[in-house]
Amino acid sequence: MAQEPAPIMAPATFQQRLLHWFDQYGRHDLPWQQPRTAYRVWVSEIMLQQTQVATVIGYFDHFMARFPSLEVLAKADQDEVLHLWTGLGYYARARNLHRAARIVVAQHDGEMPLESVEALTALPGIGRSTAGAIIAQSTGRRAVILDGNVKRSLSRLHAVEGWPGKPAVERRLWALADHYTPQRRVADYTQAMMDFGATLCRRSQPECGRCPFQQECLAYARHETHRFPVSKPKKALPVRQTLMLVLQDARGRIWLEQRPPAGLWGGLWSLPQFEEESQLWEWLAQHTTNPSLGSAEPMFTHTFSHFRLEITPRPAECDTLNEVREGGVWYDLERPPELGLAAPVKALLERQLPFSLNPLPGHA
DNA sequence: AAGACGGGGCG
DNA sequence: CGCCCAGTCTT
């Protein structure tokens with residue numbers, strides 16, 4: 001953990017090789033590179049924050065056609081700004097951009113405050129890396145960036161241990177980024193680092209065979225390019241438990257109920273669920289005729305993005321329901337209706353169902 | 001189906 | 001410092 005990877009080469013060597021690579025393989029005709037004004041670079045950097053170049057280009061062109069200058073943007077309605085952002089995601093970026101444009105007009109006489117990283121980061125939506133990119137790209141003054149591409153490249157070259165989201169790791173990466181940043185050709189260097197990470201030292205299947213730093217790269221030497229940057233520790237997912245009633249009628253059909261329209265499995269069809277054994281019993285007693293309950297089947301899990309669901313199937317039988325119930329259906333496995341099923345329910349019905357085709361104990 | 005991505009905000 | 005959030009795209 002407490003590891004301080006020293007730079008693997010002198011800045012001049014790194015810059016020379018990177019810029020040589022950039023001259024041949026870099027991207028030199030991106031829309032925001034011509035003309036390369038602070039406003040255009042700013043808008044492009046905000047759009048690029050969570051979005052790839054290929055996606056951004058179309059949005060950038062439309063945005064510039066409608067809001068060709070900072071003043072026009074500042075005067076626009078937020079609704080219109082958001083409209084042109086539709087599909088890009090992370091709409092707070094658009095709101096911040098719009099708000100910042102108004103601040104620049106009101107407080108900086110309509111000129112982007114390019115004098116320092118601090119002045120830029122004071123604007124909403126502009127962090128340290130974005131500020132560095134704007135200054136380097138639009139003024140050519142030396143400024144350091146550390147976006148995802150740079151983090152990935154530097155993590156690999158130096159085999160930096162620890163997830164870059166950790167402040168200590170991020171500090172180390174900033175130090176490395178600063179170490180390699182040149183005094184001259186900074187705009188090209190900045191673009192080169194982003195292009196290098198995006199096209200050669202990419203997340204999966206990096207092209208190490210064509211890398212100008214293959215000789216020095218510590219991750220490559222260890223055959224561990226896949227391990228860097230170290231990925232975010234996945235938090236232990238909260239666990240919830242549920243009982244799923246697999247109720248068959250006299251004809252062997254399964255009772256399904258439709259979930260509420262919004263939320264988890266919204267609108268899908270699922271088995272009746274219960275937290276407690278007693279609730280399941282109560283449901284059977286209240287709604288079914290001549291019920292009998294089988295023993296619990298082995299629990300299995302279904303993992304969502306934000307929690308893990310432990311499902312215990314409870315097979316049961318009944319003659320019929322003792323009332324007509326809205327939002328439910330007897331599901332005939334022989335001729336399955338075309339319903340949207342929750343994934344684990346589908347798995348249960350397809351794979352695990354044979355268990356409950358056996359006669360249940362206690363039911364003649 | 002899961003992970004990546006930059007910045008902001010909170011305790 | 002640690003943690004959460006927001007949307008789309010990629011793998």
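The chains referred to below are lettered A, B, ... by the order of the sequence lines, with proteins before strands, and numbering in each begins at 1. None of the values given here were measured: they were computed from a predicted structure.
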Legend entry - Atom P, compared across C/dT11 and B/dG6: separation rounded to whole Å: 16 Å

In whole Å, I'd like the distance from the [atom1] atom of [X] to the [atom2] atom of [N].
X      : N     : atom1 : atom2 : result
A/R156 : B/dA4 : CZ    : P     : 12 Å
A/R171 : C/dG2 : CZ    : C1'   : 13 Å
A/M47  : C/dT8 : CE    : P     : 14 Å
A/W85  : B/dG6 : CH2   : C1'   : 12 Å
A/L48  : C/dT8 : CG    : C1'   : 14 Å
A/K151 : B/dC5 : NZ    : P     : 8 Å
A/D147 : B/dC5 : CG    : C1'   : 10 Å

Inset, instruction - Identify, with sequence neighbours excluded, every residue that meets salt bridge (charged side-chain N to carboxylate O under 4.0 Å, His left out) alongside A/R185. - result: A/D23, A/D188

Inset, instruction - Apply salt bridge (charged side-chain N to carboxylate O under 4.0 Å, His left out) to A/R17 and list each qualifying residue two or more places apart in sequence or on a separate chain. - result: A/E216

Legend entry - Near-ring test A/H158/A/Y180, centroid separation under 6.0 angstrom: yes

Inset, instruction - Name all pairs fulfilling the ring pair (Phe, Tyr, Trp, His ring centres under 6.0 Å) condition that reach into residues 309-347 of chain A, sequence neighbours left out, sorted by first residue then second. - result: A/W255-A/W330

Inset, instruction - Any ring pair (Phe, Tyr, Trp, His ring centres under 6.0 Å) involving residues 183-207 of chain A? Give me the pairs, sequence neighbours left out, ordered by first then second residue. - result: A/W21-A/F196, A/F196-A/F213

Could you run down the sub-3.5 Å N/O contacts of the protein with nucleotides 7-11 of chain B?
| unit_1 | atom_1 | unit_2 | atom_2 | d |
| --- | --- | --- | --- | --- |
| B/dG7 | OP1 | A/G127 | N | 3.4 |
| B/dG7 | OP1 | A/T130 | N | 3.0 |
| B/dG7 | OP1 | A/T130 | OG1 | 2.4 |
| B/dG8 | OP1 | A/G125 | N | 2.6 |
| B/dG8 | OP1 | A/I126 | N | 3.3 |

Legend entry - Rounded distance (nearest 0.5 Å) linking atom NE2 of A/H287 with atom SG of A/C318: 11.5 Å

Polar atoms only, N or O, under 3.5 Å: list the protein pairs with nucleotides 9-11 of chain C and their distances.
none

Legend entry - A/N96-A/R93 side chain donor-acceptor pair, cut-off 3.5 Å: no

When all nucleic acid strands are considered with a 4.0 Å heavy-atom cut-off, which category describes [X]: base, sugar-phosphate, or nothing?
X     : answer
A/A54 : nothing
A/I46 : nothing
A/R95 : nothing

Legend entry - Residue whose nearest DNA chain C nucleotide is more 5′ - A/T86 or A/K232: A/K232

Inset, instruction - May I ask you to decide if A/E276's main-chain N or O and A/Q279's side chain share a donor-acceptor pair within less than 3.5 Å? - result: yes

Legend entry - Presence of salt bridge, A/E161 and A/K166, under 4.0 angstrom: no

